[in-house]
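In what follows, a single structure is set out as structure tokens and then discussed.
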Amino acid sequence: MVSEIENKVRSVKKSSVKLASIDTGTKNRALEAMAEALDIHRSFIIQENSKDQEDAKKLLEEGKLSKALVDRLKVDNNKIDGMIEGIKDVMQLNDPVGDTLNSIELDEGLELYQVSCPIGVIGVIFESRPDVVPQVMSLCLKSGNATIFKGGSEASHSNRAIFDVLTDSIKHTETVPEDAFQLMETREEVMDVLKQDQYIDLLIPRGSNTFVKFIQDNTRIPVLGHSDGICHAFVDSKANLDTAYNVCYDSKVQYPAVCNAIETLLVHTDIAGDFLPDIADMYNKAGVKLCCDEESYEILENLDTINEIYRATEEDWRTEYNDLILSIKVVDSIDNAVDHINNYGSHHTDVIITDNKENKKLFSSLVDSSSVMINASTRFADGFRYGKGAEVGISTNKIHARGPVGMEGLVIYKYILIGNGEKVDDYTGQNARKFTHNNLDKKYRNVL
């Protein structure tokens with residue numbers, strides 16, 4: 001017997017075919033309607049979000065919800081401004097559907113085109129952050145992908161409010177199928193969604209490392225994303241100290257509950273005595289707890305300005321705190337810093353602070369992460385800041401899409417061959433015709 005969830009997913013799959021063929025102008029009109037609707041319904045969205053916040057605070061007190069999730073839950077006017085700006089930025093981006101990626105003549109009159117197209121049905125399963133809904137819906141709409149959303153129960157009022165506001169706004173946009181976007185809400189629906197590999201083409205999980213690993217381990221659907229955000233800052237012996245203070249402070253303190261905040265600070269031994277006392281004082285004033293290796297502990301233990309200092313354990317190097325906690329290690333070379341990052345890191349985002357040209361090259365080439373920063377905060381690793389309008393997530397995968405993933409990660413391609421009755425049989429045997437394989441400077445959209 002077909003379940004209710006499977007019926008919903010089937011309807012999304014059917015709508016995805018229609019959505020894939022919608023023209024750019026129609027998609028942009030739908031996006032404009034979405035942005036206007038968020039602006040009009042601010043009070044309603046904030047009111048519904050306040051219900052989630054009240055429940056979340058109780059769960060935090062009971063130890064059933066982490067502070068990081070509570071922090072990500074809040075929606076205010078500034079957050080709504082960001083949602084609207086993200087949608088408007090997506091409107092300005094080029095439509096990625098129908099681009100000719102390559103064209104080649106196989107033989108005279110036989111032409112092959114590699115053309116970008118939507119992936120199909122995207123399943124987005126996320127915790128806490130209601131702003132995921134407009135971010136992902138705008139990108140999926142522009143890229144022609146139908147989408148199934150499954151948010152966490154801790155944000156149920158917010159998710160439903162934002163989803164309804166957005167989908168109601170596009171109902172009157174011609175040719176946009178109503179069933180192209182669906183919101184699943186019960187806990188049981190998660191496992192049902194994970195089983196729908198016949199209909200869902202890609203899953204994008206957004207949440208804690210435990211949550212993402214659970215998704216990865218319990219589905220046959222391809223998963224795009226990352227499970228950990230263990231990011232590092234390395235202060236080289238040739239670093240400008242003012243630059244180092246700015247970058248290391250921002251990378252940890254600006255928003256510690258996110259995946260691109262640093263969890264470990266690596267400092268070259270030649271500069272540690274000068275750098276660590278001042279940066280530790282800055283961290284102390286921001287309420288950061290410091291977990292130090294032996295050498296950094298010896299430098300900081302007798303300073304009156306440091307309140308919370310502890311000895312780091314092996315586990316600290318492997319921990320994503322998502323909080324005002326930072327592990328510190330002194331290293332004696334850039335090679336040791338790179339080895340530590342590649343061994344303990346999650347291949348997400350790492351930064352070197354240095355004025356040495358060779359060390360910049362060495363670090364950027366050897367650190368195996370989806371984003372590598374040079375003298376800039378790790379917090380820049382974000383789809384909006386990368387000019388993608390928004391992001392569907394950050395991927396540490398090495399196939400299809402990597403780093404902050406915008407619309408380029410939501411399209412794939414198909415091959416379209418145009419001929420005049422040619423047969424493979426003519427290209428085999430003793431008197432076979434020869435392929436020309438000449439590159440063409442032609443676009444598929446201009447051929448038909």
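We number each residue from 1, following the sequence as shown. Keep in mind that the numbers below use all heavy atoms, side chains included, and drop hydrogens, waters and symmetry copies.
When the side chain to side chain contact (heavy atoms under 4.5 Å, CB included) test is applied to Arg220, the partners found at least two apart in sequence or on another chain are Asp197. Contacts of Asp95 classified as side chain to side chain donor-acceptor pair (under 3.5 Å), with partners at least two apart in sequence or in another chain: Thr24, Lys27. Every residue two or more places apart in sequence or in another chain that forms a salt bridge (Lys or Arg N to Asp or Glu O under 4.0 Å) with Lys388 is listed here: Glu408. Contacts of Phe214 classified as ring-ring contact (aromatic ring centres under 6.0 Å, His included), with partners at least two apart in sequence or in another chain: none. For Asp131, the salt bridge (Lys or Arg N to Asp or Glu O under 4.0 Å) test picks out Arg129, with sequence neighbours left out. Here Glu294 pairs with Arg311 under the salt bridge (Lys or Arg N to Asp or Glu O under 4.0 Å) rule; sequence neighbours left out. For His347, there are no ring-ring contact (aromatic ring centres under 6.0 Å, His included) partners at least two apart in sequence or on another chain. Among residues two or more places apart in sequence or in another chain, the salt bridge (Lys or Arg N to Asp or Glu O under 4.0 Å) test is passed with Lys64 by Glu62. Not counting sequence neighbours, the partners of Asn375 by the side chain to side chain contact (heavy atoms under 4.5 Å, CB included) test are Thr243, Ile353, Asp355, Lys360.
Looking at every heavy atom in both residues, Leu73 comes nearest to Asn49 through O-ND2, 2.9 Å.
Listed by first then second residue, pairs satisfying side-chain hydrogen bond (donor to acceptor under 3.5 Å, both in side chains) with a partner in residues 30-41 read Asp39-Arg42, not counting sequence neighbours. The stretch residues 13-23 participates, sequence neighbours left out, in these side-chain hydrogen bond (donor to acceptor under 3.5 Å, both in side chains) pairs: Lys13-Asp201, Asp23-Thr26. Residue pairs satisfying the salt bridge (charged side-chain N to carboxylate O under 4.0 Å, His left out) criterion with at least one member in residues 162-175, sequence neighbours excluded, are listed as follows: Arg29-Glu174, Arg160-Asp164, Asp168-Lys171.
Salt-bridge formation is detected for the pair Lys252/Glu263: a Lys NZ or Arg NE/NH1/NH2 atom is positioned less than 4.0 Å from an Asp or Glu carboxylate oxygen. For Glu61 and Lys58, the salt-bridge test fails: no basic side-chain N is under 4.0 Å from an acidic carboxylate O. Salt bridge status for Lys285 with Asp281: present, with a side-chain N to carboxylate O gap under 4.0 Å. With respect to the salt-bridge test (charged N to carboxylate O, under 4.0 angstrom), the residues Asp99 and Arg445 qualify.
Phe163 and Phe149 have perpendicular rings, their planes meeting at more than 60° on a 0 to 90° scale where under 30° would count as parallel.
Taking the side chain as every heavy atom from C-beta outward, Lys329 and His340 approach each other to under 4.5 Å.
Judged by a 6.0 Å distance limit and a 45° cone about the ring axis, Lys150 is not positioned over the six-membered ring of Phe126.
Taking the six-membered ring for Trp and the full ring otherwise, the centers of Phe384 and Tyr386 sit at least 6.0 Å from each other.
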